[in-house]
Amino acid sequence: MNDLLNEVESVPRKTMTLFFVIDTSGSMAGNKIGAVNDAIVNVLPMLNDISDSNADAEIKVAALEFSNGCQWLYSEPKLANEFIWQDVTASGLTSLGCACSELASKLSRNGYMKSASGSYAPAIILLSDGGPTDNYKSGLSKLQSNRWFNSAIKVAIAIGEDADKEVLKDFTGNIESVFTVHNIDALKQIIRIVAITSSQIGSKSSSTGDSTKQDQVIEEIKNDIENINGAESANNIDSNTYDDWD
């Protein structure tokens, strides 16, 4: 009996990777990028708690920033308690196409999805406050032919009115998956909500029924942001809301 228990306890958990894809172009300088840094630092311990309490899957984190080109903060995904956030700074252009191509290259068994015990589909959070300055459609086309990307949970956070929501819709595949924020507090709260919700749902086995993990995540986020001042979903747009990044 003890041998059986030990065998059950030693079954390795699957991995679910949460990707942050972060616009670090010049227009993000100041309070916007400061809020992003602060929010991710504070959400990492929460992600670690979710991972520790999940018997089926461990949660890893990866972060890709893009401005003049793109780069990963670490060369591979790390467990949330091992992911020491390095504050990103903002300058330059908005090379979203580069980010899409780079993400596509890592969403493979030869890249970041090589967990020996198997991987759940990832969750991908894109944050941007403007529009791409490179040929993003070429990079996005590579992503859209990627099996891991197509099965991933995808959420975009439009930071302010100048964010190109059509581009963000192209990335997520649905305007319902694009959420807009207009101030620092709303940005911090929505990053936390999206990261936690995506991790909780993404790291579970798929439930039966017609509702996909993507649908579940979006529905929960919509419910959570209803009382956040300065945060909007596609179905809940307040014409009196204005940007305030001071």
Side-chain angles (χ1 to χ4, degrees), residues 11-24 40 44 47 50-51 54 56-86 88 94-128 132 134-157 167-174 177 194-195 197-206 212-218:
V11 173
R13 295 187 296 167
K14 288 187 175 182
T15 298
M16 199 288 293
T17 303
L18 174 66
F19 289 86
F20 291 101
V21 183
I22 305 166
D23 179 352
T24 54
I40 296 180
L44 284 171
L47 299 179
I50 296 170
S51 182
N54 189 329
D56 297 323
E58 61 182 10
I59 295 171
K60 291 189 175 183
V61 180
L64 176 66
E65 63 168 311
F66 61 97
S67 55
N68 294 336
C70 55
Q71 64 177 2
W72 296 98
L73 269 66
Y74 288 99
S75 60
E76 62 182 6
K78 290 184 172 291
L79 293 170
N81 65 342
E82 298 175 353
F83 195 103
I84 308 304
W85 183 254
Q86 307 163 41
V88 293
T94 311
S95 300
L96 178 58
C98 173
C100 289
S101 294
E102 180 61 25
L103 183 58
S105 73
K106 292 297 190 287
L107 289 176
S108 71
R109 292 290 185 191
N110 295 324
Y112 286 179
M113 313 306 293
K114 58 186 176 184
S115 171
S117 55
S119 298
Y120 285 123
I124 303 169
I125 305 172
L126 171 62
L127 303 97
S128 181
D134 63 353
N135 180 13
Y136 88 95
K137 290 187 177 181
S138 174
L140 183 59
S141 178
K142 294 178 183 177
L143 261 182
Q144 290 171 334
S145 63
N146 182 290
R147 181 176 64 86
W148 286 106
F149 180 75
N150 289 329
S151 59
I153 295 169
K154 297 178 283 290
V155 180
I157 300 174
V167 169
L168 300 182
K169 182 193 74 172
D170 289 346
F171 184 90
T172 63
N174 192 323
S177 303
V194 173
T197 305
S198 299
S199 297
Q200 288 175 329
I201 294 175
S203 60
K204 294 178 181 178
S205 298
S206 297
T212 65
K213 288 184 177 182
Q214 176 82 14
D215 293 336
Q216 293 173 43
V217 167
I218 299 309

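Here the closest non-hydrogen pair linking Ala121 and Ser151 is CB-O, 3.3 Å. Residues Ala99 and Cys70 approach most closely at N-SG, 3.8 Å, considering heavy atoms. Heavy-atom minimum distance, Ser95 versus Gly69: OG-N, 3.1 Å. The shortest non-hydrogen separation linking Ala80 to Leu44 is CB-O, 3.7 Å. Taking every heavy atom of both residues into account, Ser199 and Ile59 meet most closely at CB-CD1, 3.7 Å. Contact detail for Ala57 and Tyr120: the closest heavy-atom pair is CB-CE1, 3.5 Å.
Between atom NZ of residue Lys114 and atom OG of residue Ser119 there is a gap of 11.0 Å, rounded to the nearest 0.5 Å. Expressed to the nearest 0.5 Å, how far CE of Met16 lies from CG of Leu47 amounts to 8.0 Å. Here the straight-line distance linking atom CD1 of Ile157 with atom CG of Asp23 works out to 12.0 Å at 0.5 Å rounding. In this structure, OG in Ser198 is found 11.5 Å from CD in Gln216, a value given to the nearest 0.5 Å. Atom CG of Leu140 is separated from atom CG of Leu96 by 7.5 Å, given to the nearest 0.5 angstrom.
Side chains of Asn54 and Ser51: a donor-acceptor N/O pair is absent below 3.5 angstrom, by distance only.
A side-chain donor-acceptor contact under 3.5 Å links Lys213 to the backbone of Gly202. A donor-acceptor pair is defined here as one N or O able to donate and one able to accept, closer than 3.5 Å; no such pair exists between the side chain of Gln200 and the backbone of Ile50. Between the Thr197 side chain and the Val194 main chain, no donor and acceptor come within less than 3.5 Å of each other.
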Original post:
Does the pair Ile40 and Val61 meet the rule for a side-chain contact (heavy atoms from CB on, under 4.5 Å), with working shown?
Top reply: CA-CA 11 Å; Ile40 296 180; Val61 180; over 6 Å; no
**OP:** Walk me through it: do Phe171 and Cys100 pass the test side-chain contact (heavy atoms from CB on, under 4.5 Å)?
**Re:** CA-CA 9 Å; Phe171 184 90; Cys100 289; 4.1 Å; yes
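Using a 4.5 Å heavy-atom threshold, the side chains of Lys154 and Ser177 count as separate. Counting heavy atoms from C-beta on, the side chains of Phe66 and Cys98 never come closer than 4.5 Å. When side chains are defined from C-beta on, Leu126 does not count as touching Thr172, because their heavy atoms never get closer than 4.5 Å. Using a 4.5 Å heavy-atom threshold, the side chains of Lys106 and Trp148 count as separate. Inter-residue side-chain proximity for Ile124 and Phe149 is flagged as met; some heavy-atom pair is nearer than 4.5 Å.
Classified by interplanar angle (parallel below 30°, tilted 30° to 60°, perpendicular above 60°), the ring pair Tyr112/Phe19 is parallel.
Residue pairs that meet the side-chain hydrogen bond (donor to acceptor under 3.5 Å, both in side chains) test with at least one member in residues 58-82, sequence neighbours left out, are Thr15-Glu58, Thr24-Glu65, Glu65-Gln71, Trp72-Glu102, Tyr74-Gln86. For residues 134-147, the side-chain hydrogen bond (donor to acceptor under 3.5 Å, both in side chains) pairs, not counting sequence neighbours, are Tyr136-Asp170.
Partners of Thr17 according to the side-chain hydrogen bond (donor to acceptor under 3.5 Å, both in side chains) rule, which considers only residues two or more places apart in sequence or in another chain, do not exist here.
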